[in-house]
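Heads up: the structure comes next, in structure tokens.
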Amino acid sequence: MRAVNVRYASYLQGQSPEPNTREYFYFIDHQGMLFLDDSKMKNFTSCFKEKKFLQFFFKRLKFNDTGKYQKEFPFLSPCGKEKNFVRCDDLPIVFTHILESENTGDVDYLSYGHAGELLKVKFEPEKICMLPESGRVYHPGPLATGGVGLIKSSLAILISQKFVYKSKENTDDMPISFLWKGIEYSLDNKTIEKLKNMKHKISS
């Protein structure tokens, strides 16, 4: 097994630096797909797809508090004697689908981690935010990973069509509200502050 270098850290998949401990290293791309970090080809063929495994992995995902590889792999998904270190393209939580309720007035959900109904958070239209500099769209996520998740690009394109701007001629500004199921929600943009704090924590 070859040694892998990632931003000044070196590792071997499955290494055992301490008795009864195994270390593995993963990567989450901006589409929310999970890979072994040293996979040469990162595409749909090589990502993890088993929904029960993805549920198990993401439910345990949190900030890396081990004191090891924290700059290179800021997140951790512990599993018994295994320490699964995780880095990501943007954020570790990526929302991939809106699970709409069949009845008007019922709660809708955002699904993440490509696990369908097994991994979801309540959809809160007023808390969506878009960063004008990148065009990426975010929504509150699990608190253990900072409370914010990225919305997958293809879903973000659909969502962006429902943003309302102060000026119809200038969509470079931040949107002020969001239309969802006939209701216009004023955006509070509190998610942006959480996002900034989270990115600062990851990069520091």
Side-chain angles (χ1 to χ4, degrees), residues 1-96 110-116 118-121 131 134 136 138-153 191-204:
M1 186 178 292
R2 66 188 180 90
V4 178
N5 294 301
V6 179
R7 293 169 57 193
Y8 315 119
S10 181
Y11 68 81
L12 289 170
Q13 288 286 8
Q15 66 190 20
S16 182
E18 302 164 6
N20 300 315
T21 299
R22 291 282 182 185
E23 294 180 345
Y24 295 91
F25 300 82
Y26 291 83
F27 174 74
I28 300 169
D29 73 2
H30 66 281
Q31 303 297 335
M33 292 190 289
L34 177 68
F35 306 88
L36 284 173
D37 184 64
D38 56 340
S39 296
K40 290 183 178 180
M41 298 294 291
K42 291 182 171 64
N43 52 40
F44 184 76
T45 303
S46 59
C47 73
F48 289 90
K49 304 176 190 65
E50 210 288 311
K51 291 184 178 182
K52 283 289 186 180
F53 169 77
L54 292 169
Q55 179 192 33
F56 185 88
F57 188 94
F58 279 98
K59 280 289 187 181
R60 287 158 178 75
L61 196 61
K62 63 178 184 176
F63 283 104
N64 179 0
D65 56 1
T66 65
K68 300 178 66 177
Y69 313 113
Q70 285 174 296
K71 284 188 176 296
E72 298 81 12
F73 294 88
F75 299 95
L76 178 76
S77 179
C79 175
K81 297 178 180 179
E82 291 183 7
K83 293 179 181 177
N84 300 308
F85 295 95
V86 183
R87 67 185 183 95
C88 50
D89 187 27
D90 188 334
L91 297 180
I93 301 301
V94 181
F95 299 109
T96 59
L110 281 174
S111 172
Y112 64 94
H114 292 276
L118 298 179
L119 292 171
K120 62 185 181 181
V121 300
L131 296 186
S134 66
R136 289 190 170 183
Y138 299 85
H139 181 277
L143 294 177
T145 50
V148 185
L150 170 70
I151 293 180
K152 179 182 173 181
S153 56
T191 303
I192 291 180
E193 289 304 313
K194 285 185 178 181
L195 179 62
K196 289 179 179 178
N197 291 336
M198 185 176 176
K199 286 187 174 287
H200 175 73
K201 184 172 182 178
I202 294 173
S203 61
S204 62

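All of these numbers come straight from a predicted model, not from anything done at the bench. Throughout, numbering of the chain's residues begins at 1 and tracks the sequence.
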Distance-only, no hydrogens or angles: does the [X] side chain make a donor-acceptor pair with backbone N or O of [Y] under 3.5 Å?
X	Y	answer
N197	H200	no
K120	A115	no
H114	Q31	yes
S77	F57	yes
S16	T21	yes
Q70	N64	yes
R22	G14	yes

### Task
Show the numbers, then the answer: is there a side chain to side chain contact (heavy atoms under 4.5 Å, CB included) between K59 and L119?
CA-CA 8 Å; K59 280 289 187 181; L119 292 171; 3.9 Å; yes

Would you indicate whether the side-chain heavy atoms of [Y] and [X] approach each other to under 4.5 Å?
X	Y	result
F48	L36	yes
I28	V86	yes
E23	Y69	yes
R60	N84	no
L195	L91	yes
F27	D89	yes
P92	M198	yes
H30	V94	no

### Query
Passes side chain to side chain contact (heavy atoms under 4.5 Å, CB included), L54 versus L34? Steps please.
CA-CA 8 Å; L54 292 169; L34 177 68; 4.0 Å; yes

#### Entry: side chain to side chain contact (heavy atoms under 4.5 Å, CB included) between Q15 and F25, worked out
CA-CA 10 Å; Q15 66 190 20; F25 300 82; 3.8 Å; yes

### Query
Can you tell me how far the CG atom of L150 sits from the OH atom of Y112, to the nearest 0.5 Å?
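Between atom CG of L150 and atom OH of Y112 there are 14.5 Å.
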
### Distance, nearest 0.5 Å, that separates OG1 of T45 from CE of M33
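Spacing of OG1 (T45) from CE (M33) equals 9.5 Å.
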
### Task
Could you tell me whether R87 sits above the aromatic face of F85, with NZ or CZ closer than 6.0 angstrom to the six-membered ring centre and within 45 degrees of the axis?
no

### Message
Taking the cut-offs as 6.0 angstrom to the six-membered ring centre and 45 degrees off its axis, would you call K49 and F44 a cation-pi pair?
### Response
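Geometry flag: set, cation within 6.0 Å and 45°.
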
#### Entry: Check ion pair R136-D90 (N to O, under 4.0 angstrom)
yes

### Heavy atoms from other residues, nucleotides or ligands near NZ of K196 exceed 12 (cutoff 6.0 Å)
no

#### Entry: Over 12 foreign heavy atoms within 6.0 Å of NZ, K68
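Yes, the 6.0 Å shell around NZ holds more than 12 heavy atoms from other groups.
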
### Task
Using the six-membered ring wherever Trp is involved, compare the ring planes of F53 and Y26 and label them parallel, tilted or perpendicular (cut-offs 30° and 60°).
tilted

